[in-house]
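Quick notes on the structure that follows.
Computed from a predicted structure; not experimentally measured.
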Amino acid sequence: QNTVLVWIPCIYLWACFPVYFLYLRCHDRGYIQMSNLNKAKTALGLILWIVCWADLFYSFWERSQNFFLISPTVLGITMLLATFLIQYERMKGVQSSGVMTIFWLISLLCATVIFRSKIILALNMGAEVDAFRYVTFCTYFILLLVQLILCCFPEQPPLFSETVNDPKPCPEFSASFLSRITFWWITGLMIQGYRRPLEAKDLWSLNKEDTSEEIVPGLARNWAKEWAEALIIKPSQKNYEASLFKVLYKTFGPYFLMSFLFKAAHDLLMFTGPEILKLLINFVNDKHAPNWQGYFYTGLLFVCACLQTLILHQYFHICFVTGMRLKTAIVGVIYRKALVITNSARKTSTVGEIVNLMSVDAQRFMDLATYINMIWSAPLQVILALYLLWRNLGPSVLAGVAVMILLVPINAVMKAQMKSKDNRIKLMNEILNGIKVLKLYAWELAFREKVLEIRQKELKVLKKSAYLAAMATFTWVCAPFLVALSTFAVYVKIDKNNVLDAQKAFVSLALFNILRFPLNMLPMVISSIVEASVSLKRLRVFLSHEELDPDSIIRRPTQARLNYVHFNFSINFTVPEGSLIAVVGQVGCGKSSLLSALLGEMDKKEGHVVVKGSVAYVPQQAWVQNATLKENIIFGREMNESRYKRVIEACALLPDIEILPTGDRTEIGEKGVNLSGGQKQRVSLARAVYCNADVYLFDDPLSAVDAHVGKHIFEKVIGPKGILKNKTRVLVTHAVNYLPQMDTILVMSDGEISEMGSYQELLKQDGAFAEFLRTYANAEQSMENSAVSPGCAGLPRTHAAPQQGVKATVYWDYMKAIGLFISFLSIFLFMCNHVASLASNYWLSLWTDDPVINGTQQYTNVRLGVYGALGISQGLPGLPIVLLAGGIFASRHLHLNLLHNVLRSPMSFFERTPSGNLVNRFSKEIDTIDSTIPPIIKMFMGSTFNVIGACIIILLATPIAAVIIPPLGLVYLFVQRFYVATSRQLKRLESVSRSPVYSHFNETLLGVSVIRAFEEQKRFIKQNDMKVDENQKAYYPSIVANRWLAVRLEYVGNCIVLFAALFAVIARNKLSPGLVGLSVSYSLQITAYLNWLVRMSSELETNIVAVERVKEYAEMEKEAEWSIEQTAPASTWPEEGKVEFRGYGLRYREDLDLVLKNINVTINGGEKIGIVGRTGAGKSSLTLGLFRINEAAEGEIIIDGINIAKIGLHDLRFKITIIPQDPILFSGSLRMNLDPFDQHSDEDIWRSLELAHLKNFVSALPDKLNHECAEGGENLSVGQRQLVCLARALLRKSKILVLDEATAAVDLETDNLIQSTIKSQFEECTVLTIAHRLNTIMDYTRVLVLDRGEVVECGSPDSLLQEKGIFYSMAKDSGLV
């Protein structure tokens, strides 16, 4: 007692000291001031030291035995060390210390044992007591107790720490050690969440070491090092690739090592249960054993269980936090990479795939972090269990092991499903981006078929893996049982004298139950690792893509000049500083590529590019961020009120800002859905002008705006008198009328500069340019793009997080999706399964209680036979197969509904709903329904029945437990309800804050060239980091809440163990050892089952939300029926193409004003009508009404005597053809883009291409009609895409043709081609043109002039010019009069 017990705490502290000291040195949290608490602890430490050494000097004085000298010396020095640590911790800012708390606890426990024996000694002997030692020991004991109590209180926060200026710091670090190991510190949040729904403002800030700015740079640095090594040092070794795993290990390894220690400790503690059970059974068997032994074993069982709980959840906490950091780091690194990756590399992965890396693959790593330790822990558990089994049953264990090895199933590979999932998401992404075109062309069905075809493949893979999983489940259900059966059978058969008594049977069963877990986990871990390695590979490939060479453009103070070789043509030119240069030429001759080259976006083959100073860039297709109008223009620069006003005025944005509901603070939807094309273009221009750069590159910004607006912009901004007159400006344009004002003009053809010089010089040369001008000198452009489009009354942002619980109806919906018969069948089979399992174990307990006669049991064979029969019947029901097949029915059904409903939604729905949300439904939610929900339901039902079964067995053995089980059940339910309230809201907050991360990422990928041109990468990276942190802010408490719950519930489980053992000890005389064994071995499992049950029920609640969210879209408003049998018009309709508007009016939403009012026009068959008007006059709204994209608010439209509101949408839309404003192509073959229903022959298609002047281009392609178009048609120029749309129209050849400013993005030559094709091919058709360049409609039969939604002038162009009205003033602006 005087040696070992004194030395244990000393050894502990000295062992911890070096590691802990180093840890504190590296992790400095700031300095804590001396407080009374700290003074008290230090004083007590010193007093303890004095007490120990008083003992020591007393021993010297006594000249007693050696150990009286050694122990106090060691103890004294240890107390000094403890005192030193108390101070050192204070200086390093530790508010509550685990190391010290455990030290005081161990010391106290050891001292208690000594104290007890001293008291017994004093009472018994009446022997002479060493009074001095007695007093010092009591003092020592009391001081230890006080120290331990003081240790439970935390210190105040350190000075100068971040938490001081943090509005909502995370209470974790200011919590005491006890509060941290039991996760008590989150209780405040839980109570708040229970009382009222949590909001984002209730969440704490992230701990500093979990934020993006702390984590990402570390990983980025390590990866850069590794990547450079792979490129520079190792290219000699062919197959050497930069290893991402090594980098992740380097970055996150150290913190993760802690979890290793916790896991090892937990695994060892796991085996104390069966060992103590053995002692308990022996105790019940041995009628003469003293009672205290039983109580001692019971206590020990409880303490071990509790320790196990605390350690396990510390371990989980570390794993989850590591996982969270991993995800943060990976998302951050992907984002940073996406900003520097070259365009050619970006083409290899679509936006959808890159977003998938961020969502799916990063998530994989997060999940893996919690499992990875199983790789070594599972084998360790197996080996330990086998060793103990061998001790218990001898060699017959080998039979069981053999069965086990046969049953470990190999997991199926997941790769195929990922592939088709990627394709499906990619296609969905495009469908959602081009939904307007799909609706106008009535192509929804063709695309629905395409999606379903991919989905079919996906389900096939799912089905295959479901059957494999079913086999696996079957083996798992039977495995533990078959192992036990074979072991017991061999054991009793080998030797007649081998008796299966309670101790052998139930200790072995307990060990087999432990074995069950690692064997179940291994396949899961392996498949998780396989998945993660696939993800790792995809990530590595993405992170190893080429990066743009920042030095490809030399930015230095000289004029911009370009000496450039790109692909296979060379370009040389120099732009003097402050000059204005125009670049003109045909569609697809390389004008935009020239600007990309100046931005350093192209692969430079040779030569060099020098640009002076900063660059601003206006792309051809405006890129608008999902932010307010003002933020879009300022774009991260500091606000300068006067400059901002000047810019807005110059870019003609003032009238638009007046129309918008909240002025320049109006939120612009993603991709700028609530702005018209012209407005987006002007916002994009204003952004460039505001940033005050040195060099301006304009890629045809004037094409999308009206003539008068274009003129205004040229004069006020770009031209010789504009805001930018002293800057260097390069303008790509099709507008001839501005050319005389240019300093230099570059004429391009086929990627080369064919001529160059000022306007006059080029005219003198009389080359291609002069020819080009003569053809178009009078032709002039103009007209702006339509009304401020719908729904700009501020867009609803993301979907709000619904607050209430998951309604029971959702489960019912899911069961209906599976099919009710199958649902109930599987529940019934589950019950049979568990009844059989209980019966077999109960039979075992009866068997073990058989009396032993002459060293053997009587009915061994009968017992064995029945046991086997009962056991095998557990696995027989074809339960898993039924369930998983059911899951697949549900997946198919729900996805089909979702797809159908989304395609049937009206246009307004897509304008209101961010596409990120919709894509999320199709990827995340459907994925959940496919692969997460079925196994969760299986495990949920399994755990429920297991818990009920265990309770029944305990009640059978010790009926008195009926007193204790219900109250514990109530505690359990209360804790669980309490938790679920908070957990659900955290989960929802987390998923609401996840969408912006993806939307922002999507947006960045689309506008990456703009971001790079403006050199705003830093700001965007910061924004991304903030969004990720916002998301993790909701995720972190939800991890902790999980742990909070698990600790509480495991204590409930541990209490059940305690009472099961306690009642067994109390009733030891009435009970047979078999029943005791049965009841305790079941109670040992109950903790794990309870834990699992709660996890599964909350997982089920949070995941079943996916069903709810998918169903949510089924209840949305729909547009009218696609086809209506009764009113379907004849197949030849419309025969003449006569269109009448009768008192027609249109509004975008119920609460908005009419955009079109009182329109009465009759258009006869074959007339050519031009529709003109200033911005926002309602020109495009007219076409939307004609196609019933928006339904009429009043009046009607009649085509050839049929009211279009009465027929099906497809019946209508198939008969009218539109060439839309934004030419949208889908990825797929060119042929599919022209004719998705495969209705036409190749000859027809070639004829239409010829008429659309694309034949030469297409026949030059290697794959001709099967040429793959990239996502959004990126690999064709905008002009070519417009011609493809023309070819579509020619193929359909309907009686009514609508041109919605179709020629905005095309040069004059192509425009002429289009116009002449339309004149010749659509001669007898009715043509409605929303005109952009007035010269295109000068020969039309009539012109409608709209203003503020009403027809103000109508007549032939000549008569309108005579009237000198609005039309005349527009023509004057365009220089036509």
Could you state the interatomic distance from NZ (Lys41) to CH2 (Trp104), rounded to the nearest 0.5 Å? 10.0 Å
Is the shortest heavy-atom distance from the side chain of Leu178 to the side chain of Trp184 under 4.5 Å? no
How far does CG of Leu13 sit from CD1 of Ile106, to the nearest 0.5 angstrom? 9.5 Å
Centroid-to-centroid, Trp185 to Trp204, below 6.0 Å? yes
Run the numbers on Gln1023 and Tyr335 for side-chain hydrogen bond (donor to acceptor under 3.5 Å, both in side chains), then give the verdict. CA-CA 11 Å; Gln1023 271 186 4; Tyr335 189 85; 5.9 Å; no
Does Phe84 CZ have over 12 foreign heavy atoms under 6.0 Å away? yes
If you look at every heavy atom in Phe271 and Glu275, which pair is closest and at what distance? O-CG, 3.4 Å
Are Lys327 and Asp361 close enough for a salt bridge, meaning some N to O gap below 4.0 Å? no
Could you check if a side-chain atom of Ser1097 sits within less than 4.5 angstrom of a side-chain atom of Phe940, using non-hydrogen atoms only? yes
Tell me which pairs pass side chain to side chain donor-acceptor pair (under 3.5 Å) where either residue lies in residues 1046-1062, with sequence neighbours left out. Thr309-Glu1050, Thr309-Asn1054, His313-Glu1050, Glu1050-Asn1091
Less than 4.0 angstrom from a charged side-chain N to a carboxylate O is my criterion; do Lys1033 and Asp202 meet it? no
Aromatic rings Phe974 and Phe978: how do their planes relate, parallel, tilted or perpendicular, breaks at 30° and 60°? tilted
Closer than 3.5 angstrom, by distance alone: can the side chain of Ser983 be matched with the main-chain N or O of Tyr979 as a donor-acceptor pair? no
If only atom types and distance count, is the side chain of Ser995 paired as donor or acceptor with the main-chain N or O of Val992 below 3.5 Å? no
Determine whether the side chains of Arg988 and Gln985 contain a donor N or O and an acceptor N or O closer than 3.5 Å. no
With side chains defined as the heavy atoms from C-beta onward, is the minimum distance between Ile86 and Gln147 less than 4.5 Å? yes
Any non-hydrogen side-chain atom of Leu1058 less than 4.5 Å from a side-chain atom of Leu301? no
Might you work through the salt bridge (charged side-chain N to carboxylate O under 4.0 Å, His left out) test for Asp267 and Lys263, ending with a clear yes or no? CA-CA 6 Å; Asp267 285 355; Lys263 184 72 178 141; 3.7 Å; yes
Might you work through the side-chain hydrogen bond (donor to acceptor under 3.5 Å, both in side chains) test for Thr328 and Gln1032, ending with a clear yes or no? CA-CA 8 Å; Thr328 301; Gln1032 300 295 34; 2.9 Å; yes
